[in-house]
Amino acid sequence: MHEEVAAYALGVLDEEEHEAFERHLETCERCQAELVELAEVPGQLDELKNDPSSTSGDDPPMSSMSR
């Protein structure tokens, strides 16, 4: 997977990168397919972030897991 596909799907590319990736996307079927696969991820992340039932008190915070 191209790193830019995920960044594009999540909307984290700056304007120049966004435009460059869109030009690339016009001709790259592989990236088009990857983007289709990732298209629902931002919405799913928002749902998880906003759903209090998706977290339990038993799970450690993500920040403490990376230590």
Side-chain angles (χ1 to χ4, degrees):
M1 174 182 300
H2 284 140
E3 192 175 291
E4 291 83 6
V5 176
Y8 180 86
L10 293 171
V12 297
L13 296 176
D14 65 30
E15 186 176 339
E16 185 177 318
E17 292 170 323
H18 179 88
E19 291 173 4
F21 184 75
E22 285 194 335
R23 286 190 300 274
H24 168 77
L25 196 56
E26 291 174 4
T27 60
C28 183
E29 292 181 18
R30 180 177 173 196
C31 285
Q32 292 171 14
E34 290 176 3
L35 187 58
V36 168
E37 291 179 24
L38 293 175
E40 295 180 10
V41 170
Q44 292 171 339
L45 291 173
D46 284 341
E47 286 179 25
L48 286 173
K49 181 174 68 174
N50 296 322
D51 182 5
S53 68
S54 68
T55 59
S56 73
D58 298 336
D59 295 332
M62 294 295 282
S63 60
S64 67
M65 292 177 60
S66 61
R67 293 182 187 166

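Everything numeric in this text was worked out from a predicted model, so none of it was measured. If you read the sequence from its start, that first residue is 1, and numbering goes on from there.
Considering all non-hydrogen atoms of both residues, Leu13 and Ala7 come closest at CD2-CB, 3.5 Å. Gln32 and Thr27 get closest at one heavy-atom pair: NE2-N, 4.2 Å. Considering all non-hydrogen atoms of both residues, Ala9 and Leu38 come closest at CB-CB, 4.0 Å.
For Glu17 and Tyr8, the side-chain atoms include no donor-acceptor pair closer than 3.5 Å.
Cys28 contributes atom SG, which lies 12.0 Å from atom CD of Glu26 (distance to the nearest 0.5 angstrom).
Looking at residues two or more places apart in sequence or on another chain, you find a ring-ring contact (aromatic ring centres under 6.0 Å, His included) between His24 and His2, Phe21.
A continuous path of ILVMFWY side-chain contacts below 4.5 Å connects Leu35 to Leu10, so both sit in one hydrophobic cluster.
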